[in-house]
Amino acid sequence: MRYLPLTDTDREDMLAKCGASSIDDLFVDVPEVARLDGPIRDLPMHAGEMAVERHMKALAAKNMAAGDVPFFLGAGAYRHHIPASVDTVISRGEFLTAYTPYQPEIAQGTLQMLFEFQTQVARLYGCAVANASLYDGSTACWEAVAMATRVTKRKRAVLSGALHPHYAQVVKTMAQFTGDEIADSAPAIQTEPDLDGLTSRIDENTACVVVQYPDILGRISDLSKVAEAAHAKGALLIAVNTEPVALGAIKSPGEMGADIVVGEGQSLGVGLQFGGPYLGLFAVRDPKHVRQMPGRLCGETTDAEGKRGFVLTLSTREQHIRREKATSNICTNSGLCALAFTAHMTLLGEKGLRQLAAENHRLACHAADRLAVVPGVSLLNEAFFNEFTLMLEGKPARDIVRELADRDVLGGVSLGRLYPGVKALEHALLVTVTELTTEDDIETLARELEALVKEPA
Amino acid sequence: MRYLPLTDTDREDMLAKCGASSIDDLFVDVPEVARLDGPIRDLPMHAGEMAVERHMKALAAKNMAAGDVPFFLGAGAYRHHIPASVDTVISRGEFLTAYTPYQPEIAQGTLQMLFEFQTQVARLYGCAVANASLYDGSTACWEAVAMATRVTKRKRAVLSGALHPHYAQVVKTMAQFTGDEIADSAPAIQTEPDLDGLTSRIDENTACVVVQYPDILGRISDLSKVAEAAHAKGALLIAVNTEPVALGAIKSPGEMGADIVVGEGQSLGVGLQFGGPYLGLFAVRDPKHVRQMPGRLCGETTDAEGKRGFVLTLSTREQHIRREKATSNICTNSGLCALAFTAHMTLLGEKGLRQLAAENHRLACHAADRLAVVPGVSLLNEAFFNEFTLMLEGKPARDIVRELADRDVLGGVSLGRLYPGVKALEHALLVTVTELTTEDDIETLARELEALVKEPA
Amino acid sequence: MNAPNKSGWKPAMELADGDVASGSATTTGNRALMLEEPLIFEIGHVATTGVDLPEIDASAGNRLGGFERSEAIGLVGLTEPETVRHYTRLSRQNYGIDLGFFPLGSCTMKHNPRLNEKMARLPGFADIHPLAPQSSVQGALEVIDQLATWLKTLTGMPAVAMSPKAGAHGELCGILAIRAAHTAAGNPREVVLVPESAHGTNPATAAFAGYKVEDIPATSEGRVDVEALKARLGPDVAAVMITNPNTCGLFEKDFRTIADAVHAAGGYVYCDGANFNAIVGRVRPGDLGVDAMHINLHKTFSTPHGGGGPGSGPVVFSEALAPFAPLPYVVEESGEYHLVEEENAGDDVSSFGRMTAFHGQMGMFTRALTYMLSHGADGLKQVAEDAVLNANYILRSLEDILHAPFAESGPCMHEALFGDKDFGGDLSTSDLAKGLIDEGFHPMTVYFPLVVHGAMLVEPTETESKASIDQFITAFRNVTERALAGDESLKQAPYHAPRRRLDETAAARKPKLVWQDPAE
Amino acid sequence: MNAPNKSGWKPAMELADGDVASGSATTTGNRALMLEEPLIFEIGHVATTGVDLPEIDASAGNRLGGFERSEAIGLVGLTEPETVRHYTRLSRQNYGIDLGFFPLGSCTMKHNPRLNEKMARLPGFADIHPLAPQSSVQGALEVIDQLATWLKTLTGMPAVAMSPKAGAHGELCGILAIRAAHTAAGNPREVVLVPESAHGTNPATAAFAGYKVEDIPATSEGRVDVEALKARLGPDVAAVMITNPNTCGLFEKDFRTIADAVHAAGGYVYCDGANFNAIVGRVRPGDLGVDAMHINLHKTFSTPHGGGGPGSGPVVFSEALAPFAPLPYVVEESGEYHLVEEENAGDDVSSFGRMTAFHGQMGMFTRALTYMLSHGADGLKQVAEDAVLNANYILRSLEDILHAPFAESGPCMHEALFGDKDFGGDLSTSDLAKGLIDEGFHPMTVYFPLVVHGAMLVEPTETESKASIDQFITAFRNVTERALAGDESLKQAPYHAPRRRLDETAAARKPKLVWQDPAE
Ligand SMILES: Cc1ncc(COP(=O)(O)O)c(C=O)c1O
Ligand SMILES: Cc1ncc(COP(=O)(O)O)c(C=O)c1O
């Protein structure tokens, strides 16, 4: 086997050293019942690179790669151009094959990178401190709710109806066991998010309000209003962002009063990857909340010679020290995705991120105008960044998305897929446009939509 | 520009330091006539990664990638499976972006790699010493002839008719200027190479005989016969190998008496790349010839603390020291291709190389048998490794190759393409089979050949 | 400004570790190929970027609803040359498996095959959207299904949840399924029993799921005390969480007996599968009475650790727990693959919910499947055998000089456990660890498990050569002898790393977690 | 055997550079992240392999004509984990542009954009055969044609030969064309004039083409002595080979005058274009009377140097020489691209022949074209300007302490030249160079050009930031001061590199060029 360096002579010598006559002697503690006589049946034997590559390529070929067709999907996962040098960086063996930096003297590379990452995320979110990453946006959202209940010692969380439904489900899944009470609802189909409705649900027992920004319909809410209402009742505002690129164009949640800002970082450096691995971002506006944060934190210090260096710090919040009293059970996080994110962000910089955001918005505006004139199609949003909701006449949007796919167009995400059974949302199509979308792509979508929407349901 | 770090303020500060008021002041020595007023016309302005990537991908898409179709081409360039880890190795920035190891204290990586490479090549060729690479097999062949004339102080080179015609042309091209006399001919279409005809052309003025092994028709010659004849007349035998994998199955040229062994190393690690960069291999059987060798040599030594280390050595043969008296004018060679070759060879090892050779030969035998039974097709070779010559009835092989391509089959190299105008070779098709060739590929070729060969010319 | 380096400490200090007279001090703080690197915020500029995007057309209107950013974000950019160099220089201050032996116990730092990386990057896998119409991602769903089949077959378990994002997330998935099962049966119960030697994620997980955590005592030989455990079982115990092979590197001989007892008491058996590498292809946890077990694809199945993540933690389930598995999951019907999500879960309403927004770590699935196909059933069995052989070889090569608390408890599995009991002076485990750093090795896991004083957990994995292990043993013995002799110089180690020992106390006392511009 | 390391030297020696008392000596010879690595022949095995290929079926017959190998080849194999680690450890003993400043004069060590690498690896480029039917490789032929157009436009020359494999090969191509032109005119002529300051490949090339090489004298300001040159011109002079900008980093002001004179004397002007980076996009050699010039794509157009190669050296030609260009080349006819080879060269029988088996360095063409498209006409002009600005900034920042022979000859171009005239003691250029290694820089080019005593040729390129150059200047000044002061400790430098100074004399006296098994 190409991955196993021991030779048969090595094995003999080593068994001898262990006083074992055969490898079986080293497995004597396994009860008879569980000992297998040979290789597990019903599985193939080892194969060379060529054979394995053929197998995997055949599977890959059965998927429609986003880059090969007009592509308009978003809803929590966005396709952006990743500079070639990002892959160079994350492919460095010293980053790729390192473990969590528990031996800081030989992990300064990972540690300094994390310190830079934390700084970038904190600034992007308008917060004081960010952690070294969580699994993804949805688990970060749940960790935020859990943290809010710790901080406020209250158990009720109010979720905006326009929070990504999968995020809401993750929060509710966890809550059913922690005994937290989750108030949520489906989004109302209207031009403006219903913030009054949301704030009216905040009471003295509310630990936090969770608002997505921009929201699941692509709308942009005035977080400061919600922050005020929440703070008035002693609750925390948790802002959820699924598209970091948007923050190159719109105000940061921290700036607007959010107390905890969480989000999905996949847009930068990570790619689509069918949903994972992604990158959970987590930041707090007020430094006093740091000790309640989940996940790892990298901090600056000095070494025995006085040189600046970095270490993992405040570990007393974490499971490996605090065990059942930890702020979270997370251990492995999304380190390499954080590296991809920070490398991409470093290439962009303030200037590049703003240009990227402007380009996304410019193309999205163009697409919205073009698609809105397709007969039977209307634009819901007043405001949006690179994602907006279209209302389609005739067939449910979900059928139209499937039929578009048959025509080699990935036309968007139907709200019917996200909110199965919610009649009011059946005809809504969420369309996303990024810098990778071409004018031709937009024309193609318009043309195909025209053909399909006209067809009688 | 994403590749230019200077900011405008930097430029101002630096110009000031140079006492220049504008960048033009630094170009004052350029004569008026040659000063351009602005960016050169008729060329596009700078473009982002996305745009450039689209442009290049569109060009790449216009080519038929070998991996996408049944593929049987060889004739000096072979398609083998390259283990994924080879690209990992050559992508290491410390290898990729290093220069020639002129500062050995910080180039031990490149130097030790070259020392290992030289050892592998010398052993593969059955020689005492190999150099650190030349451009490719064809220029290595010419350098060998030039070296032979230096060693023997004779000017006549006898080329086997079965030497790759492009190699022969390179040798002749150089010779016309050095005044060397080159005797060559086209290969005779026969089962066995005509060694008597070849040896009969060796005389007292002959510096060297050049024989390809296996030859351009895929045949395997008894080099020892030629070596004897050459040595009897005081000439050197230069053996040329274009498929190193073959040497995992057949005797090494050195073993059979060749004095200088050169070849193309592209088969291992480098890939097809439409002909370049490739890897020129150069070795001598007798250590006494070392000082007449072209190209760089890496040697072992010790450092000031007595630690083993490596350096470039015997540089007095080279242009940067010896100038017009150098053994060659080569400077930049094929360093990174040598790394790819040696990494691939290290993964193979003695065992893997022999298995690879056996697998190539096994499949080639199978293909030869299958294709030989196609009506109108006959097999020329008695012996071969992974490449053999088919004689086709009806249309010239060259037309058939083109028509196969129209049917998405890359069926081989027609000798008509290699020897334009040589009637006797018009119906010969050179077919190569490697470990990447599947049974299906062979069936497809047989089927398509059957269809085309039958068609009246 | 000609600041020779901006990384915030005085070059003069460099003189400390280079003898001035010898001229080996440097003004840059660099030492040939060991290069210092400032923070991006110290070298980057607000106006610099490494991408070429269209200039912003200020005149163009926007539809941002009046929320456009007014203030600067506070980011800096680098051009591509600076970016590549910055991260390359940082990477060189890191140790990884690619550099050398990395025997970090419990972490299974095996080689990461490069074919896996290549396959994961195929556009057909890397460039597909989680919400794409299922007809357009049949290959992706098939990858998940094939991997699920491998995991079920290798563990001998009937069901698997693929979406958990790492081991701890998998633990949560397993405990939530257990809680859901109990709840469905009328009472979630209150307690989860966890051995002291367990990894921190176990108690943390149980607590997160709303359970009270109680310790299971261990025997002197380093295994679960079966009698004590049986005695504690009762109607309040929801589950036991046992790691097998355990964190002392031993196989829990009586696992089957324990499982039967727990089941008899109406509880469930959660097995922490982090150490599956010791038995993969050779023992099926399903044969031992396990109800739920997570598998770290980033350990046993070679997906890279990436400096802390990402990972992937699928959870296999017994018949009893299968109905409670989380959504979504993939089912195959006559060659067609589709996702079972909230809507079409049908009568499977018993699912406890959703653990993450999408379908799990696809990028790890493609790597793990590639790894499995490469090894096959025979190769995986060899993996377990070589991993165990290497660990025992190390145990037997060091036990004569180093305290090995459980050396008499039979062969170890994939890792060998030692303690610092006999060290001289006030030297302890961390001093030995730092000494190993100078020798060019990554230290083993230290101070875990908690049951052994100054624990050193050495896990070689199967991808080390004997030569490499022999060199490690020689160096380890040498450093150990110094530790036993109380060689104080070890307290200063490491001497040759990019940094000497770092002040972790200061870091925690006044946390500096983001960069502040000193000018501000 | 427990040999702590097999790399052939005694670990004990490590004690020499680590103070024993301080405990910083190591048994492995490793120093934390600075790792020693044996040769593959010292760690590999004949029976070990890193690939999984079918076992050989000994019973199967063969058709090798009785030439099957009987003896062992003498190779060893490593598994993939060992292979990746071996080369990773070796790579870490190397300096590259990705690590830091690499101001190697005349070599244009600029950043290698990663998009180039990505594009070159597209199967449509990397996986196509040079002899594939031309209908199946239209995109490849178009790449060659597009790149040719860029090169002709940038140089203002009417023709270009794409096949030369590197600069020296390009020189040969140019001189052969010149010789062919003269021969066609009845007499190849005997002499090629080359300045003393020329790169070694120039005289070597001329000699290889059968010419006698004569020096062209230089003026005290570092440029060609026009009068002396004119005086030497005559019917025996086939060509002059001039590097412009020249190897002293200066632009040859009178190039046009020289060219006219050479042409008047019936000779041709060969320009060594290795230094094209200084003028690309800003000056067209065609406007200066050049007849032939090679362009190193691996310098000006950023294809990686790869530790010595590969490169690519296309040659642009004037009308006069174009007909003699080598085969094959690409022509476009109504959107169709095809190769002109021996057969269809048609009336272009004047081609002097073929320089290489195939069409040149396709892998470099794709990278160079990607680079050109990225920069565009405006970006390339900026490249030249920044490269020249950086060099002048260095010249003016060091001339006050370091001998700069041609500082008064006007601005330098892309590189700054210094000499060791004023060094104290018996210190010389190489001592300063080794001192810079300890500071974390790759030294400049040393002892070239030969016209300056202890020459130091510093070429920063345009891809360095001011911060990086400023750090270099500070360090360079510091080491220079030590050299001027005759600080003997510099003679021991480098102190921190993987190796101290290596004994090159011993290496040449008794050459060890391949590994010999000590056992044998
Ligand atoms: C025994 C054990 N259990 C659980 C875990 C947690 O796994 P993860 O880090 O993937 O969350 C680990 C990881 O170190 C472990 O060693
Ligand atoms: C001035 C000059 N001419 C010619 C060459 C030769 O180019 P190559 O190394 O590509 O053969 C070089 C390369 O260093 C050079 O600097």
Side-chain angles (χ1 to χ4, degrees), chain B residues 5 10 14 18 26 29 34 39 43 45-46 56 59-60 62-65 73 89 92-94 97-98 100 105-106 108-110 119 123 135 138 166 169 173 274-277 299-301 303-304 307-309 313 319-320 323-324 326 329 332-333 335-336 347 349-350 352 355 358 383 405 420, chain D residues 8-9 49-51 53 56 65 67 74-75 77 87 90-91 93-98 119 122-124 127 129-130 133 136 139 165-166 200 203-205 207 213 251 287 306-311 343 353-354 357-358 361-362 373 376-377 379 392-393 411 465-466 497 499-500 507 512 514-515:
Chain B
D10 291 337
M14 294 165 82
C18 301
L26 301 180
D29 290 334
L43 292 176
M45 295 295 130
H46 74 275
M56 295 305 289
L59 288 169
K62 293 183 186 174
N63 301 319
M64 193 182 288
L73 278 68
V89 169
R92 288 285 299 176
E94 295 90 334
T97 71
T100 306
E105 299 87 352
I106 49 172
Q108 286 299 300
T110 296
T119 307
R123 292 182 172 199
Y135 304 133
S138 65
H166 291 172
Q169 277 149 12
T173 297
F274 202 53
E300 180 181 324
T301 185
D303 78 352
K307 292 183 187 171
R308 175 172 69 185
T313 190
Q319 46 74 24
H320 64 282
R323 303 180 70 87
E324 62 266 36
N329 73 331
T332 289
N333 58 15
L336 201 71
L347 283 161
E350 178 101 17
Q355 290 178 325
Chain D
W9 48 273
T49 170
V51 297
L53 287 161
I56 298 176
F67 298 105
L75 299 171
Y87 292 105
L90 287 187
S91 74
Q93 300 181 14
N94 256 18
Y95 196 98
I97 303 165
D98 284 1
M119 294 300 97
L122 293 172
D127 194 24
H129 193 284
S136 72
K165 298 245 156 194
T205 298
V213 179
F251 194 90
D287 298 336
E343 56 174 320
R354 175 183 282 271
F358 302 118
Q361 308 286 66
M362 185 65 180
L373 290 164
N392 279 278
Y393 180 68
S465 68
K466 180 167 180 297
R499 287 293 179 268
R500 305 297 296 273
K512 269 201 200 171
V514 296
W515 183 77

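Convention: sequence-line order gives letters A, B, ...; per-chain numbering from 1. Treat the numbers as computed from the prediction; the structure is a model and nothing was measured. The figures that follow rest on heavy atoms only: side chains count, while hydrogens, waters and symmetry mates do not.
- Minimum interatomic distance between D:G309 and B:T332 (heavy atoms only, all atoms of both residues): CA-CG2, 3.7 Å.
- Scanning all heavy atoms of the two residues, the minimum distance from B:T97 to D:D98 falls at OG1-N, 3.1 Å.
- Between the B:D303 side chain and the D:R499 main chain, no donor and acceptor come within less than 3.5 Å of each other.
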For the pair D:Y95 and B:E94, evaluate side-chain contact (heavy atoms from CB on, under 4.5 Å) and give the outcome as yes or no after the intermediate values.
-> CA-CA 6 Å; D:Y95 196 98; B:E94 295 90 334; over 6 Å; no
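- Taken to the nearest 0.5 Å, the CG atom of D:L90 stands 10.5 Å off from the CZ atom of B:R92.
- Top candidate by heavy-atom pairs under 4.5 Å with chain B, chosen from D:G353, D:G77, D:G139, D:G96, is D:G139.
- Between B:L336 and D:P310 there is a side-chain heavy-atom pair separated by less than 4.5 Å.
- Here D:P203 is the residue among D:P203, D:G379, D:A166, D:G65 with the most heavy-atom pairs under 4.5 Å with chain B.
- Remark: D:Y87 engages no residue in a ring pair (Phe, Tyr, Trp, His ring centres under 6.0 Å) (not counting sequence neighbours).
- Distance check: D:K165 NZ to B:Y135 OH gives 10.0 Å after rounding to the nearest 0.5 Å.
- Taking both residues in full, the closest heavy atoms of B:T100 and D:G308 are given as OG1-CA, 3.4 Å, listed atom of the first, atom of the second, then distance.
- Panel note: side chain B:D29, backbone D:F251; no donor-acceptor pair is recorded below 3.5 Å.
- For B:T119, the parts sitting under 4.5 Å from any heavy atom of chain D are the backbone and the side chain alike.
- To the nearest 0.5 angstrom, B:L347 atom CG is 7.5 Å from D:T49 atom OG1.
- In terms of heavy-atom proximity, B:T110 sits nearest to D:G307 at CG2-O, 3.7 Å.
- With rounding to the nearest 0.5 angstrom, the NZ atom of D:K466 is 6.0 Å from the CG atom of B:D10.
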Apply side-chain contact (heavy atoms from CB on, under 4.5 Å) to B:M56 and D:L373, showing your working.
-> CA-CA 9 Å; B:M56 295 305 289; D:L373 290 164; 3.9 Å; yes
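- Contacts with chain B were tallied for D:I97, D:D287, D:V51; D:I97 has the most, counting heavy-atom pairs under 4.5 Å.
- Ranking D:G306, D:G50, D:G376 against chain B, the residue ahead of the rest is D:G306, based on heavy-atom pairs under 4.5 Å.
- For the pair D:S136 and B:N63, the minimum side-chain heavy-atom distance is 4.5 Å or more.
- By the 4.5 Å heavy-atom criterion applied to side chains, B:F274 and D:Q361 are not counted as neighbours.
- Looking only at distances, a side-chain donor or acceptor of B:T173 sits under 3.5 Å from a matching main-chain atom of D:R354.
- Among B:T301, B:I106, B:T313, the residue with the largest count of heavy-atom pairs under 4.5 Å with chain D is B:I106.
- Residues D:R500 and B:E105 have side chains not in contact (no heavy-atom distance under 4.5 Å, counting atoms from C-beta outward).
- For the set B:M64, B:Q108, B:H320, the count of heavy-atom pairs under 4.5 angstrom toward chain D peaks at B:Q108.
- For the set D:G311, D:G124, D:A497, D:S465, the count of heavy-atom pairs under 4.5 angstrom toward chain B peaks at D:G124.
- Looking only at distances, no side-chain donor or acceptor of D:D127 sits under 3.5 Å from a matching main-chain atom of B:A65.
- No donor-acceptor distance shorter than 3.5 angstrom exists from the side chain of B:N329 to the backbone of D:A204, with no hydrogens or angles considered.
- Between D:P133 and B:A405 the shortest heavy-atom distance is CG-CB, 3.8 Å.
- A donor-acceptor pair under 3.5 Å links the side-chain atoms of B:E350 to the main chain of D:L75, judged by distance alone.
- Interface remark: of the candidates B:A98, B:A383, B:P39, B:S138, B:A98 forms the most heavy-atom pairs closer than 4.5 Å to chain D.
- Per-residue heavy-atom pair counts under 4.5 Å with chain D were compared for B:A34, B:P277, B:A304, and the maximum is reached by B:P277.
- The greatest number of non-hydrogen atom pairs below 4.5 Å with chain D, out of B:G309, B:C18, B:A358, is found for B:C18.
- Ranked by heavy-atom pairs under 4.5 Å with chain B, the list D:H129, D:Q93, D:M119 is led by D:H129.
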